[in-house]
Amino acid sequence: MNAKVVLRVLLVVIAVVVIQASVMINLRVDGAHPELVWLLAIAAGLLGGAEMGAAVGFFSGLALDSLLPTPFGLTAFVGVLLGAGIGLLAERTGLAADGGVWWMLPALGGGLSALSVVAYDAFGIVLGEDQFSSVNLLVIVGVVAVVGALLMIPVWLAMSWAVGSRSGARRSRTSEPSW
Amino acid sequence: MATRRSRRSVTVIGLLLVTAFALVAFSESGSGTSITSSLRSVGSAVLSPLVDAVNAVTKPIGEFFAGAINYGSVSNENAKLRAQLGQVQEQGLIEQFERSQLAQIAKLQHLTFASGIPTVTAQMTALNESNFASTIQISKGRDQGVGLGMPVVGAGGLVGQIVATTRNAATVRLITDGRTHIGASFGTATNSLIGVVNGVAANKPLSVSYVAPHSMIPKGTIVYTNGLQGAQYPQGLPIGKVLSATTPTNAVQMSISLSPLANLDQLGFVDVLLWTQVP
């Protein structure tokens with residue numbers, strides 16, 4: 001991956017994290033707000049493979065962790081798992097690449113964001129943080145899934161631009177990351 | 001070639017996972033707090049100005065749309081506000097912002113509770129709320145005598161507790177945060193009850209545990225800290241007002257919800273009580 005791509009990815013990550021910490025955090029439905037940061041790891045994993053997905057999940061999670069009062073590193077940890085997991089799946093199956101059905105990306109964005117929030121909450125409970133067991137997880141999962149599904153395509157397009165992938169269509173049928 | 005590349009991927013992913021896990025472990029254990037605080041400070045220093053700038057632009061727009069969506073309630077609120085504004089104008093209160101700030105400080109100087117406990121007045125500098133936690137940053141820290149565990153109060157009542165300090169700033173965990181548990185008492189002198197007040201989540205009412213079923217708790221009852229529960233708070237700080245108190249069928253305790261007395265949405269200034277936990 002060349003310096004230009006790194007800079008572009010960094011720009012997209014910062015933009016999404018800033019939007020998350022400013023705009024999204026104020027869009028509350030029954031106390032829950034959307035979480036865009038997971039979409040970055042998903043898009044990076046789909047476009048660049050496991051390694052890139054993990055790296056973007058780690059750094060975007062760390063950036064958000066520095067702004068939030070929750071355990072430092074937890075978002076990064078779940079981000080790495082998410083980005084690496086979806087990247088591995090994409091490398092092996094060519095998931096969501098050329099020729100995929102139109103609803104694939106929103107479905108992945110909504111479903112995997114929801115799964116990430118559940119995993120995040122589960123890890124928080126394992127760490128013994130009381131607040132993770134007292135929140136209304138159903139509402140949070142619902143809000144995160146719906147907004148994740150709606151915003152997956154814009155985030156995907158931004159990440160496609162960053163990695164220089166034409167129309168979001170990455171080398172789908174190769175198992176080797178192109179960066 | 002491909003094998004070498006995939007080996008590198010596995011190594012990179014493994015390293016990232018271990019690093020993230022180590023950061024969580026440091027953050028939770030307390031032994032590496034300085035490392036995680038430094039990283040948090042760096043990230044915050046870079047991103048916070050951008051977040052503030054975007055907030056300055058988008059918040060008015062967001063409020064406009066929120067107003068459009070909640071038209072009915074906003075209309076009612078507007079009517080009330082107009083009435084209040086009329087009263088305010090009659091009383092000659094101009095320069096509302098400055099005066100409200102002054103009023104907050106004045107109220108903090110004359111708190112009806114926590115008398116006898118020395119205080120440090122601090123300004124709120126940031127609000128950090130997520131789906132899982134609620135904290136604020138204040139402008140006073142260790143150099144001004146602020147220490148871990150000290151209670152923080154606002155004009156209406158208890159706001160939270162100091163959970164992190166630097167030389168000139170501190171982090172306050174709000175009472176709405178899910179990690180908050182406060183020993184509380186309420187009721188009359190003849191029918192005094194105790195329980196534990198729990199935070200639930202940002203912008204959500206507080207809940208009360210361990211109150212015997214079918215206890216008489218009228219709506220509007222004020223709940224105070226009781227000085228028990230490891231004495232994390234001094235006795236007599238008002239926490240909240242009872243919104244509802246019911247006993248679900250076959251329940252072993254009542255289901256009680258409280259609204260915080262301090263206006264957590266509009267904290268300008270707060271008082272840190274220079275009070276430490278009883279060992």
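Quick caveat, the model's predicted, so the values are computed rather than measured. All chains are named by letter (A, B, ...) in the order of the sequence lines, taking the proteins before the strands, and each is independently numbered beginning at 1.
Partner A/V80 forms a side-chain contact (heavy atoms from CB on, under 4.5 Å) with one of B/T19, B/V18, B/L16 and no other, that one being B/L16.
Within the 4.5 Å cutoff, the side chain of B/N131 has no heavy atoms near those of the A/V135 side chain. A 4.5 Å side-chain heavy-atom check between A/S66 and B/L47 finds at least one atom pair inside the cut-off. Between A/V23 and B/V54, some side-chain heavy-atom pair lies under the 4.5 Å cut-off. Counting only heavy atoms from C-beta outward, the side chains of A/L62 and B/L39 never approach each other to under 4.5 Å.
Listed here is the closest heavy atom pair of A/L74 and B/V24: N-CG2, 3.4 Å. Here the closest heavy-atom approach between residue A/I25 and residue B/S130 is recorded as CD1-CA, 4.4 Å.
Contact annotation for A/V78: neither backbone nor side-chain heavy atoms come within less than 4.5 Å of a heavy atom of chain B. Both the backbone and the side chain of B/V200 come within contact range of chain A, with heavy atoms under 4.5 Å apart.
In summary, the aromatic rings of B/F26 and A/F72 are positioned with their centroids too far apart to meet the 6.0 Å limit.
Residue B/I194 places its CD1 atom among 12 or fewer non-hydrogen atoms of other residues, nucleotides or ligands, all under 6.0 Å distant. By the 6.0 Å contact criterion, CZ on B/R142 is enclosed, its count of non-hydrogen atoms from other residues, nucleotides or ligands being greater than 12. Remark: B/K241 NZ is loosely packed, at most 12 non-hydrogen atoms of other residues, nucleotides or ligands lying under 6.0 Å away.
With chain A as partner, the option from B/D52, B/L17, B/V46, B/T180 having the largest number of non-hydrogen pairs under 4.5 angstrom is B/L17. Counting heavy-atom pairs closer than 4.5 Å to chain B, the top-ranked of the candidates A/D121, A/V117, A/L137 is A/D121. The candidate from B/T135, B/D177, B/N198 with the greatest count of non-hydrogen atom pairs under 4.5 Å with chain A is B/T135. Contact count against chain A (heavy-atom pairs under 4.5 Å) is highest for B/G178 among B/G178, B/A133, B/S48.
Among residues 28-37 of chain A, the residues having any heavy atom closer than 4.5 Å to a heavy atom of chain B are, in sequence order, A/R28, A/D30, A/G31, A/A32, A/H33, A/E35.
Residues meeting the side chain to side chain contact (heavy atoms under 4.5 Å, CB included) test with B/F21, sequence neighbours left out: A/F77.
Ring-plane geometry between A/Y120 and B/F132 is classed as tilted, the angle between the planes lying from 30 to 60 degrees on a 0 to 90 degree scale.
In this structure a side-chain-to-backbone donor-acceptor pair under 3.5 Å is missing from B/R40 to A/L67.
Rounding to the nearest 0.5 Å gives a distance of 8.5 Å between OG1 of B/T11 and CD of A/E51. A/D65 CG to B/L23 CG: the interatomic distance, rounded to the nearest 0.5 Å, is 8.5 Å.
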